[in-house]
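The structure appears below as structure tokens.
None of the values given here were measured: they were computed from a predicted structure.
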Amino acid sequence: PALFLIPGHLGDPLDLSRRSVMLLARIPIIFVERDHAEETRSLLGDIGITAAGKTVVEVAAPGTLDQESRECLRRMSEERMLGCLFGVAEGTPGFCDLGSEVVREAERMGVPVHSIGGPSALSLALMRLGRDVREFTFLGRVEDATDVARVQSILRLGTRLPIVVFADGRGCRDLLPRIMSPHRWARGWIVSELTTPAESLHPLEGGRPSLPDRSVLPDDARVVVILEPAGALMDEVRGRLARGIRSLSGAFSGFNRSRR
């Protein structure tokens with residue numbers, strides 16, 4: 001038996017690797033996030049794989065594993081069957097989503113887990129930013145007032161690391177102004193619809209951030225938000241000043257030597 005972690009695409013099914021497609025064709029049990037079963041069957045048809053005979057299981061609730069998922073994992077263990085946790089159109093599975101429960105239960109039952117390479121919204125967004133981000137704080141998905149309070153508490157601690165969160169277009173419009181309004185010197189970026197023709201990078205300024213309208217950022221748009229606290233901005237300013245002073249110092253030293 002084995003459980004394969006297969007990333008889905010982020011907007012274009014052509015981004016699925018050949019290895020992922022070959023495994024999806026062979027594997028009889030496919031775990032997906034809640035409300036993604038029909039989308040999975042449709043995607044399988046689009047890439048030439050028949051869904052007949054396959055069991056597509058929706059992982060239903062956070063913090064626990066439903067009975068159907070447990071039963072499928074038990075079958076995999078006892079009957080030495082293959083299964084996969086599939087990201088469908090969400091990129092990396094089991095990361096910041098309900099699928100992590102499947103991975104933990106598979107390991108508890110002694111089912112080997114194997115990772116398959118593929119798209120990750122987090123890494124692609126940081127690449128798209130065009131900045132050298134070597135350290136950051138990842139706070140998961142922002143969906144409600146509790147999540148807003150969690151982000152604000154990190155900002156109030158005076159962190160200098162960029163904060164990265166997942167959201168959708170509606171969450172950006174509803175929640176980002178509440179996050180950024182008390183932090184006028186903070187700034188950030190919205191990276192939306194990665195790997196699609198609508199991919200865009202929108203800058204944010206603290207206080208009252210100007211957000212794209214729905215024609216640019218639909219309510220269901222998949223979004224990665226990078227927030228840069230005021231402390232990080234001051235570090236960047238100080239770094240630029242220090243480099244400028246060193247450059248001026250070098251030029252002045254060269255001028256003095258030429259006068260001698």
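Met22 CE to Ile6 CD1: the interatomic distance, rounded to the nearest 0.5 Å, is 11.5 Å. Separating the OG atom in Ser69 from the CD atom in Glu105 is a distance of 9.5 Å, to the nearest 0.5 Å. The OG atom of Ser17 lies 12.5 Å from the NE2 atom of His9; values are rounded to the nearest 0.5 Å. Of the inter-residue distances, the one linking Asp12 atom CG with Thr195 atom OG1 reads 6.5 Å to the nearest 0.5 angstrom. A distance of 8.5 Å separates CD in Glu78 from CE in Met109, rounded to the nearest 0.5 Å.
Taking both residues in full, the closest heavy atoms of Ala2 and Met76 are given as O-CE, 3.3 Å, listed atom of the first, atom of the second, then distance. Here the closest heavy-atom approach between residue Thr196 and residue Gly11 is recorded as CG2-CA, 3.6 Å. Ile179 and His183 get closest at one heavy-atom pair: O-CD2, 3.3 Å. Between Ser210 and His202, the shortest heavy-atom contact is O-NE2, 2.8 Å. Between Pro93 and Pro7, the closest heavy-atom pair is CD-CA, 3.6 Å. In terms of heavy-atom proximity, Leu3 sits nearest to Leu85 at CD1-N, 3.8 Å.
In this structure the side chain of Phe31 never reaches within 4.5 angstrom of the side chain of Cys84, judged on heavy atoms. Residues Leu5 and Val113 form a side-chain contact, since some pair of their non-hydrogen atoms from C-beta on lies under 4.5 Å apart. Residues Phe136 and Leu122 are in side-chain contact: their nearest non-hydrogen atoms beyond the backbone lie under 4.5 Å apart. Inter-residue side-chain proximity for Pro112 and His114 is flagged as met; some heavy-atom pair is nearer than 4.5 Å. Inter-residue side-chain proximity for Val57 and Val32 is flagged as unmet; no heavy-atom pair is nearer than 4.5 Å. Ser200 is not listed as a side-chain neighbour of Glu193, based on a closest heavy-atom distance of 4.5 Å or more. Side-chain atoms of Pro13 and Asp46, non-hydrogen and from C-beta on, never get closer than 4.5 Å to each other. Taking the side chain as every heavy atom from C-beta outward, Ile47 and Leu16 approach each other to under 4.5 Å.
Arg34 and Glu58 are not joined by a salt bridge, as no carboxylate oxygen comes within less than 4.0 angstrom of a charged side-chain nitrogen. Looking at Arg74 and Glu79, no side-chain N of the basic residue comes within less than 4.0 Å of a carboxylate O on the acidic one, giving no salt bridge.
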*Take Leu211 and Leu217, measure what side chain to side chain contact (heavy atoms under 4.5 Å, CB included) needs, and give me the verdict at the end.*
CA-CA 9 Å; Leu211 298 172; Leu217 191 68; 5.8 Å; no

_Quick one, Trp189 with Val225, criterion side chain to side chain contact (heavy atoms under 4.5 Å, CB included). Give me CA distance, side-chain angles, the key distance, then yes/no._
CA-CA 6 Å; Trp189 298 267; Val225 180; over 6 Å; no

_side chain to side chain contact (heavy atoms under 4.5 Å, CB included) between Arg26 and Leu82, worked out_ = CA-CA 8 Å; Arg26 289 175 54 204; Leu82 297 178; 3.4 Å; yes

*I would like to know whether Arg222 and Leu194 meet side chain to side chain contact (heavy atoms under 4.5 Å, CB included); could you show each step before the answer?*
CA-CA 8 Å; Arg222 290 166 298 194; Leu194 283 159; over 6 Å; no

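When hydrophobic clusters are built by joining Ile, Leu, Val, Met, Phe, Trp and Tyr residues whose side-chain heavy atoms come closer than 4.5 Å, directly or via intermediates, Val164 is not grouped with Ile154. Taken together through direct or relayed side-chain contacts under 4.5 Å among Ile, Leu, Val, Met, Phe, Trp and Tyr, Val133 and Ile163 form parts of separate hydrophobic clusters. One hydrophobic cluster, built from ILVMFWY side chains closer than 4.5 Å, cannot hold both Leu204 and Leu129; they sit in different ones. There is a path of hydrophobic side-chain contacts, each under 4.5 Å, that joins Val224 to Leu126. No continuous path of ILVMFWY side-chain contacts below 4.5 Å connects Leu201 to Leu227, so the two sit in separate hydrophobic clusters.
Lys54 places no side-chain N or O within 3.5 Å of a backbone atom of Arg41 that could act as its donor or acceptor partner. In this structure a side-chain-to-backbone donor-acceptor pair under 3.5 Å is missing from Arg75 to Met81. A donor-acceptor pair under 3.5 Å links the side-chain atoms of Asp144 to the main chain of Asp147, judged by distance alone. Thr40 contributes a side-chain N or O that, together with a main-chain N or O of His36, makes up a donor-acceptor pair within less than 3.5 Å. Side chain of Ser115 to backbone of Phe4: no donor-acceptor contact under 3.5 angstrom is found. No side-chain donor-acceptor contact under 3.5 Å links Ser77 to the backbone of Leu73. Between the Arg150 side chain and the Leu139 main chain, a donor and an acceptor come within less than 3.5 Å of each other. For Arg70 (side chain) and Leu65 (main-chain N/O), a donor-acceptor pair under 3.5 Å exists by modelled atom type.
Surrounding CZ of Arg184 are at most 12 heavy atoms belonging to other residues, nucleotides or ligands under 6.0 Å away. Other residues, nucleotides and ligands contribute only 12 or fewer heavy atoms inside 6.0 Å of the CD atom of Glu135.
Looking at Val165, Val151, Ile190, Val223 one by one, the single match for side-chain contact (heavy atoms from CB on, under 4.5 Å) with Leu176 turns out to be Ile190. Screening Asp213, Asp219, Asp168 for a salt bridge (Lys or Arg N to Asp or Glu O under 4.0 Å) with Arg173, the sole residue that qualifies is Asp219. For the side-chain contact (heavy atoms from CB on, under 4.5 Å) test with Ile49, the passing option among Ile27, Leu43, Val21 is Val21; the others fail.
Classified by interplanar angle (parallel below 30°, tilted 30° to 60°, perpendicular above 60°), the ring pair Phe166/Phe138 is perpendicular.
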